[in-house]
Amino acid sequence: MSLIIFPKDFIWGSATASYQIEGAVNEDGRGESIWDRFSHTPGKVTNGDTGDVACDHYHRYKQDIKIMKEIGLQSYRFSIAWPRIFPEGKGKMNQKGIDFYDRLINELLENGIDPAVTLYHWDLPQALQDSGGWSNHDTADYFAEYAESIFKVLGDRVNKWITHNEPWCVAFAGHRQGRHAPGFTDFSLAVQVSHHLMLSHAKAVQAYKALNSKTGKIGITLNLYPIYPASDSFEDTETAMLVDGYHNRWFLDPAFKGQYPQDMLNFYKEKLNSPVIQPGDMEIIAANPAEFLGINYYFRKVVRKGNIDPVLLFDEVKPEGQYTEMNWEVYPQGLYDLLMRIKKDYNNPLIYITENGAAFKDSKPINGIVEDQDRLNFLKQHFETTAKAVKEGVNVQGYYVWSLMDNFEWAHGYTKRFGLIYIDYETQERIWKRSALWYKDVIKNNGF
Ligand code: FCB
């Protein structure tokens, strides 16, 4: 057994998102979000679960920060609920919403935990959805205005900003597949939305840079998948390239190279009637590259030519192996392959792993602890492949485990548990899992 030690300044953290943990949806002037609307629509979320109460973190944040401190977290990634700040999406700011994040950030800093703040983790103000949401070009401007207001009030204490979390999911899970809010099923619309998301990202970066922070950095978090062809046939290889364009390059290229990949632009123009790109949009995107890449890695995709996806013409193949409760393959090598590829194709950017983790069938709490050896192994294997990539020169400077605690897992409601900490939703009790204890040791030793 070899010892794995991470670089001296490596940052160990954990991540959550507003709608998944906060609850308190009608408090202190918060407006409605598209996830309130979606989760309250019958049939959209397993068991009809909603984020109304979730982990009640809005009221229990002090207790949660205490747990973070006990684990030894050096940084905590959370998101701001836009409808708490601008209940109508724009216009008048809600001071009580700001106050909550103010308290949260101060409490983190007092406990020596560095905040990493995501501006958009999917809870768009419903009022903006009512005027087209992300399919409306103006929403990019409203996002930049919201971002700028936040930078001004919290920017003195926050040094890591993430504009968007997983724009692929917002665009395609939300507007093509319909399994996320706002629940549309229109491929052209989804591609249009993706452009407005990337534009809004660039506008927020522009607003941040104008404030000239000496210490802060702003990036974007993408859900990336290494894509492998099921065979080395020409057809499968070509298919893998296309799927890589759909999932990865479509977002990586504008964020880091200032343009959309030409093959995908051609493909969408031929098959769909989007994206419509207004004059000036690409100039803003090109002038405002992200300063770091946040990677959310969960699994790989193995693809072959087929017709399960009727437009991209591919099927997904499920290789033999271990699968999580989400039916996601456990494939730590994929993270290594992905990191090496980013280094090569995107000029070795600064990277944080902003999410990685797994849902498994854990034990029930026994004598105050939940046994979750599968999660512990999962994390260990992914830390190992990351360490290998770091050794080979990939510039990964931190790792945020998804998630600090069990929470509202979107369309799966509360049925999937990703936490290091177990939540008893009846009593709101927080119970340590074995993996949290193990993670505490990893952080203490900066390795294992
Ligand atoms: C990611 C999301 C995060 C969480 C994990 C499991 O796609 O960013 O909120 O749901 O998946």
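As the structure lists them, so they are numbered: ligands from 1, and atoms in each ligand from 1.
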Residue, atom name and distance, where the atom is the protein heavy atom closest to atom 5 (C) of ligand 1: Tyr298 OH, 3.3 Å
Derivation and outcome, side-chain contact (heavy atoms from CB on, under 4.5 Å), residues Glu107 and Lys62: CA-CA 7 Å; Glu107 186 77 14; Lys62 282 196 178 166; 3.5 Å; yes
Aromatic plane relationship, Tyr298 with Phe418 - under 30° parallel, 30 to 60° tilted, over 60° perpendicular: perpendicular
Top protein contact for atom 10 (O) of ligand 1, by heavy-atom distance: Glu409 OE1, 2.7 Å
Atoms of ligand 1 close to Phe418 [distance to a heavy atom under 4.0 angstrom, numbered from 1]: 6 (C)
Contact check: Gln20 vs ligand 1, nitrogen or oxygen atoms, below 3.5 angstrom: yes
Heavy-atom check, side chain of Leu124 versus side chain of Val170, under 4.5 Å: no
Full working for side-chain contact (heavy atoms from CB on, under 4.5 Å) between Val193 and Phe184: CA-CA 11 Å; Val193 161; Phe184 294 113; over 6 Å; no
Ligand-side contact atoms (ligand 1) for residue partner Trp410, heavy atom cut-off under 4.0 Å: 3 (C), 4 (C), 9 (O), 10 (O)
Heavy atom of the protein closest to atom 7 (O) of ligand 1 (residue, atom name, distance): Glu166 OE1, 2.6 Å
Closest to atom 3 (C) of ligand 1 (judged by heavy-atom distance), picking from Lys416, His412, His180, Glu355: Glu355
His201 side-chain N/O to Ile220 backbone N/O, donor-acceptor pair under 3.5 Å: no
Atom indices of ligand 1, in the order listed, that fall short of 4.0 Å to a heavy atom of Asn165: 8 (O)
Residue His121 vicinity, atoms of ligand 1 by number, heavy atom under 4.0 Å: 2 (C), 3 (C), 8 (O), 9 (O)
Parallel, tilted or perpendicular: rings of Tyr120 and Phe143 (30°, 60°): perpendicular
Close approach of Met326 to ligand 1, heavy atoms, under 4.0 angstrom: no
Arg176/Asp186 under side-chain contact (heavy atoms from CB on, under 4.5 Å): CA gap, chis, key distance, verdict: CA-CA 5 Å; Arg176 182 187 183 202; Asp186 177 339; over 6 Å; no
